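Because the structure is predicted, anything quoted here is derived from the model rather than measured.
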Amino acid sequence: MDQNTNQHDDAWLTRAKNNCEWACVRDTCKAVSGMWKRVGGQTPVGLLETYRSARSNSDGMHSDQDVPDSDQSLRILSNLVAAGAFSSIGRTDELLSELLMFTKSVIAIKSSEAIDLIAKVVTSISDASGRVLYESTACITVMLSRVAQVLRSSPRISGPETLKETANRILDHAKTSGLVDHLCLCLATSGSSLISGSSTMLRAASEACRAVWSLINALDVLFVNKSAILFPINALWSPSLHRMEIVDHEQDPFVEAQSTKVVDAMTRAFLKSKPVQVAVYYCFHQRLESAMSCCLQLLSRCCLHNGIIPALLCGLPSSLPVTTVVSGAGDGTIVSEVFSVLSICSSSINKAAQSGEPSNIKCKLTNPSALVRHSCLILAIIAQCLKSSGRNSAIFMLTTSPKKQLARLSVIAHYISDDKTKVSFQTQSASAMLALASILSLESGALVESPISEIAMPLIPRTSALSDHLKFSFRNENELDPGNFSGKLSYWQGVRDGCVGLLDSRLKWGGPLAVQQLCATGIPFLLIGLLGNDVLNDSHGNERVYDRVGLSPIGVVWTVTSICHCLSGGALTFRQILIRNEHIKLITNLICDVHLKLVKCWIGPGGGGAGVRDIINAVVDLLAFPFVALQNAPGLPSATASVSSGFLLNVGSPGQRVCMDDKDIVKAIEEDMGKYIKILVEVGVPGIVLRCLDHMELNDLGRPVAFLAKMVCHRPLALQLVSKGLLDPNRMRRLFDCLSPKEVTLDALMIISDLARMDKGFYEPIKGASLLEFLKCFLSHEDPNMRAKACSALGNMCRHSAYFYSSLARYQIVSILIDRCSDPDKRTRKFACFAIGNAAYHNDVLYEELRRSIPQLANLLQMTEEDKTKANAAGALSNLVRNSDKLCQDIVSKGAIQSLLKLISDCAVFARNPSKNDSVSESPLKIALFSLAKMCAHPLCRQFIRSSPLFSVIGRLQHSPESSIAKYASVIISKVAEP
């Protein structure tokens, strides 16, 4: 080595020692000086030669000193890189290349072979324990960590290039060299060693995890420097190019980020390799703070990347359906280790608070708050991913042990602090609230009841405390850290998510008193303000501060559901929230096309198709609150015959409970319903909800279609819905698809039925929807509800005119309707009679086809049926002689008149002496008398009535106290007397 080279390298080391940008560099430089002497004063160039020597000897003979020299050289390089010394040397690429090649040569062979090989050339036990692998990965970790720091700050140095350019070149080299694959292989090698019972590779496993996370972190910083990551609600309010790019290409740019590819490689290795899983698991056992922190963040990203990972971390069997509730996260799982980390941090923080110094409980923690934050965030992500996959029980993460459930929820709640003086406490508290809220959200919609809500309620902060957290203005601890700027706990989690999530839980489980207390603090209007971007008015065009509101997609859903719960807090709250045009406009903006596309492309929790479903369902529940309240209030005129429409929305709705708890609210809703409907029309809510169907999977359409079914019952909303394409043939075909959920099809049938019942003006668009073939199939459906709804829809389609008569004949529907009169289901029989009656009402075009119905209708009059069914059958018989005498012979010969007379005779006893509990108006007597009166218009029918032994009953009914009965009886007596 020439003298100039030695001088250059001596100067390089001197600059590294003097250029101390961090406090710890002094100790690093001391260590470097000592190690420098021990390796014979090698220069950086000499260190490279050591690498080359060790790498070239990996396939041949080794001298005794090769591996120890490599080990020490790696440690020196690691410390020099940490000191920033690499920035001024022009051989960075050469250093990194040699380092990667050396690492590859060590880990590219099987674990046992590597250990045997090292054992042959290294005399000491420590050399055979994986130290070289540990030091090489540690060097990579430090180098990549330094790269991330440089990319955040990007200072200039004297020389031809900036630190940023050097850092970029290092990352480019790391990507092209297959570094992540080498590191994953290192984890597999370490895991195999651990499975065999040896712990010699544990440190190497920890450093490999740190190295992978350092690479991901550096690539993230590089990406964020070029493209801001905004929450969808903030991107909605921001006219940014970022938003336009997502909406236009229907993909978040982060999907194509280089860090995503690294996460994908790590995720695949974790799923495929048991040794990799073991290596990661044991990284927590070593209790090294940096390793635990990196593992937590690394696993968080893997959970977001693949939905199988969260279940794997909980130890849930993949063979069982997601709806099967089993005890999860028991001992030996990574989730159990995460809770252990939280317990360790709790002990460390408590000890430090008492002594004023960092504690030494199990492991020394320099920044326990950061470790708490990462632990809580991964628990939140796991819970949210489990929820998104259809798992609805906190037992998946808390086990079935009440003792463990309480302990785990308590250790999270312990970190929810009222101390807002330190930023670390702010983020720690916000993260803990998010973890607690996310785990408790698993109990929403649980199929198996558990006492977890009772355990959790005392742990949720008081209403006043939650209010303070919601109002608090979060500051940024490090404005240079793009992953920690205002409003975010991570790229995908907002600082207010957990607070609104706990509000939702308290409102859901706390009863009416909790709702009233929360409304008294003004929380509903604060929540509205968050959705309305009020916190963001001082952003001055800086996109990064646009996330100051701190609500990710999941936080937005929790905010909307919390507002919905508040609606039951009193008449005043209801009016102040919903009877305001600007509020309805604000809320419906959350389900506009742009926001739904942003949510669909969001790759964090609350994104994708499940996120679109959740935000639409939350907004629909909120907007449907008044409809549900009125339809469930007994005795109100708003509770129409179509009260069963949109039944799915009634289940668990605050609107369903309010009619039982507070009649004043119901009265206020009834008084203001006209105003509310007018606002919905002005804002265009029907059309917005209708467009939501285009953004959802078929299986997710239940709640929005149920809301459409409720809106259709009101003429102004029905008119707008039809004008916006409700009856588009393609849309109807989708709703009536055989794969469509049953509740969707039933509500779609109710929509057709209610529109047809409301006005004949809807007949033409209904015909244009091409529904007759579907209705014909539903008449023979195995589900009796389908058959009944189809009969009802067809009956209403014939209610106002004969518009559909020819279509009924063309599709051969009449014959099937007649068969439904003898259906095993009583509701189907009732509506079949109704449909047949209307099919005969307007003219006699269908009389011949309807002839076969006469004996069926007559039989129903004599059977044990609902009064409404008998009334429909009697009315249908009347209509069969209304327009001509074509069927009079059958009316007489098939026993129709005899059945009517028998029905009248049976009902006459109650008609002459009605009790307080007997309502004549609800009995079929009136319709039967009316039907006989119509039949008296035909001589053949008059003759049969006059000759019947039961005719005398008619005469006695002329003296009925019910005027309408007496009137019809007199008409029959009068007409029968005619020749």
Task: Salt-bridge criterion met for D823 and R787 (N-O under 4.0 Å) - done: yes
Task: Lys/Arg N to Asp/Glu carboxylate O, D694 vs R731, below 4.0 Å - done: yes
Open item on the list: If the condition is side chain to side chain donor-acceptor pair (under 3.5 Å), which residues does S899 pass it with, not counting sequence neighbours?
Closed with: none
Task: Carboxylate-amine/guanidinium contact E848 K886, below 4.0 Å - done: no
- [ ] Any pair with a residue in residues 953-974 that passes ring pair (Phe, Tyr, Trp, His ring centres under 6.0 Å), sequence neighbours left out, goes on the list, sorted by first then second residue, please.
- [x] F930-Y968
- [ ] Could you tell me which residues satisfy side chain to side chain donor-acceptor pair (under 3.5 Å) with S770, sequence neighbours excluded, listed by chain and number?
- [x] none
- [ ] Can you sort out the partners of D593 under salt bridge (charged side-chain N to carboxylate O under 4.0 Å, His left out), two or more places apart, ordered by chain and number?
- [x] R691
Open item on the list: Can you confirm whether more than 12 heavy atoms, excluding those of Y805, are under 6.0 Å from its OH atom?
Closed with: yes
TODO: With sequence neighbours left out, write down each residue that passes side-chain contact (heavy atoms from CB on, under 4.5 Å) with C821, or none if nothing qualifies.
DONE: A832, C833, I836, Q856, L857, L860
Open item on the list: Test of understanding: with salt bridge (charged side-chain N to carboxylate O under 4.0 Å, His left out), list the residues that count as partners of K894, not counting sequence neighbours.
Closed with: none
TODO: Please name the residue in the list D614, D621, D747 that meets the salt bridge (charged side-chain N to carboxylate O under 4.0 Å, His left out) test with R703.
DONE: D621
Open item on the list: According to ring pair (Phe, Tyr, Trp, His ring centres under 6.0 Å), does anything in residues 728-754 pair up with another residue at least two apart or in another chain? List the pairs.
Closed with: F736-F774, F736-F778
Task: Closest non-hydrogen atom pair between R942 and K975, with its separation - done: CD-O, 3.0 Å
Open item on the list: Which residues pass the side-chain contact (heavy atoms from CB on, under 4.5 Å) test with Y803, not counting sequence neighbours?
Closed with: Y763, E764, K767, S801
Open item on the list: Tell me every residue that passes side-chain contact (heavy atoms from CB on, under 4.5 Å) with Y676, counting only those two or more places apart in sequence or in another chain.
Closed with: L578, I579, I584, L623, P626, F627, M673, L680
- [ ] Taking side-chain contact (heavy atoms from CB on, under 4.5 Å) as the test, write out the residues that go with Q720, two or more places apart.
- [x] V681, P686, S723, K724
Task: For the student: nearest non-hydrogen atoms of L590 and L596, plus distance - done: O-CD2, 3.9 Å
Task: D754 with K710: basic N within carboxylate O range, under 4.0 Å - done: no
Task: Residue pairs involving residues 859-900 (criterion ring pair (Phe, Tyr, Trp, His ring centres under 6.0 Å); sequence neighbours excluded) - done: none
Task: Residues that E849 engages under salt bridge (charged side-chain N to carboxylate O under 4.0 Å, His left out), provided they are two or more places apart - done: none
